[in-house]
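One-based numbering along the sequence shown. What you see is a predicted model; the values in this text were computed from it and never measured.
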Amino acid sequence: MRKKDELDNPELLKWPEKGGDPCGPPSWNHIYSENSRVTQIQAQGMGLKGTLPQNLNKLSMLKNIGLQRNQLSGKLPSFSGLSNLRLSGEIQGTFNGSALQTLWLNNQLHGGMTGPIDVVATMESLTVLWLHGNHFTGTIPERIGKLTLLKDLNLNSNKLVGLIPISLANMRLQNLDLNNNHLMGPIPMFKASKVTFASNKFCQATQGLLCSPEVMALIEFLGVVNYPSKLVSSWSGNEPCNWLGIRCNSGKVSVINLPHYNLSGCLSPSVAKLDSLSQIRLQSNNLSGPIPNNWTSLKSLETLDLSGNNISGPLPKFSRTVKLVVTGNPLLNGDKTDHTKGANIPPESSDSPPNIPTTSSQDSDPGSPATNSSLKSTKTKGFKRNTFVLIMAPVASFALVAFLVIPLSIYFYKKRKDSNLSSTSLVIPPRDPSDPDNMVKVVVAANNTNGNTSTLTGSGSASRNSSSIGESHVIEAGNLVISVQVLRNVTKNFAAQKELGRGGFGVVYKGELDDGTQIAVKRMEAGVITNKALDEFQAEIAVLSKVRHPIWYLFWVIPLKAMREFLFMNICLKVLLASIFSIGRA
């Protein structure tokens, strides 16, 4: 094997300067042989520079070449005649822009080739491209449509995902084989002469039929989190309510529940198209980047849990009804601030993937930081909850007692007041004037708490006694005892239309008792209530009590508040006036 003129730094291989048999003895470094024939060259990551020897195909028994992670360049040697050679790893960037017309990398043994196929989309001279029977991943590049000379494309039996590019559908190929991959979304209308696409994850089985808008939104979401294999294998068809980590309400996607799924990448704005979403639970993944601003348009959103990721700011302004949990994201203020809005959201484990620890299993480790943080958060929220209860319970109890006691107090107060009024609503009819004991006590009471009473006799003498019923004045005068309530009733609460005139002490009103007796009631002015007025009032009662007339007279003084006013009356206004006139003449 010659190396001198091809590699720029062959000394890194430490091969003998004088050459010899690479199979040995002793065998050369990085060379593997079988039956004295070289079968493998493994020189990965050596930092080799230069080009590969153009006579490499003379190693006819060569099965495997491992030269990845070097700095090789230049023209590729011919692999013609290397029938046993099997490639592995990714398609190297050295193929970028290559003028190859035919590239067969199909059916590689021992796992085959891996990685994306983006580089082949730069090889615009290709007419045949066979990549079937490998483990290529990722999506079909959109720019593959630039391979205008390509006639035969075989991508069968790989792990390609995502949507079929429109540019590929528009290519006028003779043969297109897409069988046995994980391609998703709708099946476009192909322009290829022959096309097969069986065993994929399409939402429809017929070309040209579209997926539901919710399916397309979820596929876009899946794309920006790099198509995790567990979800790709589950998310097929046009009914997302049956997909792993997805829940629906009334046929609409309402919950995305994908904690601990090792999701990477960023958050897709397409999620905002799921207008019935109420919960998004993506905690404990490897998501990065900001939260899309249009997520704030989700009117039904109640919970957004992105804790334990690598989300960056700024945070959009969600509604106050949204419980936003973004703790455990180092890029948000150095993870020094609790960005949780609302209550702590317990993770739902019903949709957690099998054999993947949920939040509860993680929290079982008492020494883990997540557990300590959770315990502190729980204790803090428990303390706040208990404090709230301790404050609100007495307030609520007081409000309830006040609600019950105040109406009851008003009720019993009115009842007692009515009872007091009814107890004084006593009418004693006139007695025979010939009876020497024809005398009643007229009580003038003041509603105060001094506990004093005053009794005035008909002759004008007075005595003052102590009583527990409040201050009152008792005048022995009469024929009749009537309560203030009765007088208010017969005078219609001292209405203007009942007014007869005005006297020295106040206004005189007319009224009629239940038995038809006509009465006159004089309501004293508050300003005239003095000791002198009481003496004059007593003298007037004494004089009128001595008058002998077919109709006897009675003066009644009604209990009033704080002695502000007095009421008195006679049985008949005309008789009263006549009597006064007669007394005046005497």
Side-chain angles (χ1 to χ4, degrees), residues 1-120 122-123 126 128-138 154-159:
M1 295 180 59
R2 294 178 57 86
K3 58 184 175 65
K4 181 177 180 180
D5 298 330
E6 291 84 5
L7 296 177
D8 297 337
N9 51 356
E11 66 277 4
L12 296 178
L13 296 173
K14 297 182 179 180
W15 286 351
E17 288 290 337
K18 296 181 179 181
D21 187 355
C23 298
S27 60
W28 294 5
N29 294 332
H30 313 293
I31 298 296
Y32 298 86
S33 60
E34 295 178 8
N35 299 321
S36 299
R37 303 292 301 270
V38 175
T39 57
Q40 295 187 52
I41 301 175
Q42 301 295 336
Q44 305 96 326
M46 296 290 297
L48 299 175
K49 296 180 181 180
T51 60
L52 291 174
Q54 296 300 307
N55 60 350
L56 191 63
N57 60 345
K58 291 184 176 180
L59 299 174
S60 58
M61 300 302 296
L62 193 62
K63 298 179 180 179
N64 197 331
I65 302 177
L67 298 175
Q68 59 267 36
R69 300 190 303 279
N70 284 290
Q71 302 179 42
L72 299 173
S73 59
K75 183 180 179 181
L76 286 173
S78 172
F79 296 105
S80 177
L82 298 178
S83 58
N84 296 320
L85 182 63
R86 296 292 180 264
L87 302 178
S88 62
E90 300 181 3
I91 301 177
Q92 297 299 307
T94 54
F95 284 95
N96 192 2
S98 171
L100 288 175
Q101 296 182 353
T102 300
L103 180 59
W104 293 348
L105 297 175
N106 56 294
N107 297 320
Q108 300 299 314
L109 301 179
H110 308 294
M113 301 190 71
T114 59
I117 61 172
D118 293 359
V119 68
V120 300
T122 67
M123 304 168 67
L126 284 174
V128 178
L129 178 60
W130 288 0
L131 301 178
H132 52 283
N134 287 285
H135 289 87
F136 289 117
T137 56
N154 193 334
L155 301 176
N156 191 347
S157 299
N158 282 284
K159 296 181 179 180

(request) Mind checking the CG-OG spacing from D21 to S36? Nearest 0.5 Å is all I need. (result) 6.5 Å
(message) Within the 4.5 Å heavy-atom criterion, are F136 and K159 side-chain neighbours or not?
(response) no
(request) Of all the heavy-atom pairs spanning I91 and L131, show the shortest one and how long it is. (result) CD1-CD2, 4.4 Å
(request) Kindly compute the distance separating CE (M46) from NZ (K14), expressed to the nearest 0.5 Å. (result) 7.5 Å
(message) So F95 and L100, do their side chains get closer than 4.5 Å, heavy atoms only?
(response) yes
(message) To check you understand the geometry: which heavy-atom pair defines the closest contact between L126 and T102, and what is its length?
(response) CD2-N, 3.9 Å
(request) Check the pair N154, L129 against side-chain contact (heavy atoms from CB on, under 4.5 Å), reporting the backbone distance first and the verdict last. (result) CA-CA 6 Å; N154 193 334; L129 178 60; over 6 Å; no
(request) Check the angle between the aromatic planes of W28 and W15 and answer parallel, tilted or perpendicular using the 30° and 60° thresholds. (result) tilted
(request) State whether the side chain of N134 and the backbone N or O of L105 hold a donor-acceptor pair below 3.5 Å, judged by distance alone. (result) yes
(request) Nearest 0.5 Å please: distance from the CD1 atom of I65 over to the CG atom of L52. (result) 7.5 Å
(message) Restricting to non-hydrogen atoms, name the atom on H132 and the atom on N158 that form the minimum distance, rounded to 0.1 Å.
(response) CA-ND2, 3.8 Å
(message) Contact between I41 and I31 at the side-chain level, heavy atoms closer than 4.5 Å - yes or no?
(response) yes
(request) Please report the shortest heavy-atom distance between K49 and N9, naming the atom on each side. (result) N-OD1, 3.0 Å
(request) First locate atom OG1 of T39, then atom OH of Y32, and finally report the distance between them rounded to the nearest 0.5 Å. (result) 10.0 Å
(message) Looking at every heavy atom in both S33 and C23, which two are closest together, and how far apart are they?
(response) CB-SG, 3.3 Å
(message) Would you say that P116 contacts E90 through its side chain, given a criterion of any heavy-atom pair below 4.5 Å between the two side chains?
(response) yes
(request) Would you confirm whether S27, through its side chain, and G24, through its main-chain N or O, come within 3.5 Å as a donor-acceptor pair? (result) no
(request) Please report the closest heavy-atom contact between A43 and L48, naming both atoms and the distance. (result) CB-CD1, 4.2 Å
(message) Could you tell me if the side chain of L13 sits less than 4.5 Å from the side chain of L7, heavy atoms only?
(response) yes
(request) Could you tell me whether the side chain of T51 reaches within less than 4.5 Å of the side chain of L72, counting heavy atoms only? (result) no
(message) When you compare the side chain of Q101 with that of M123, does any pair of heavy atoms fall below 4.5 Å?
(response) no
(request) Can you measure from CG (N106) to CG (L103) and round to the nearest 0.5 angstrom? (result) 9.0 Å
(message) Rounded to the nearest 0.5 Å, what separates atom CG in N64 from atom CD in Q40?
(response) 5.0 Å
(request) Side-chain contact test, heavy atoms from C-beta onward, threshold under 4.5 Å: evaluate it for R37 versus S60 and give yes or no. (result) yes
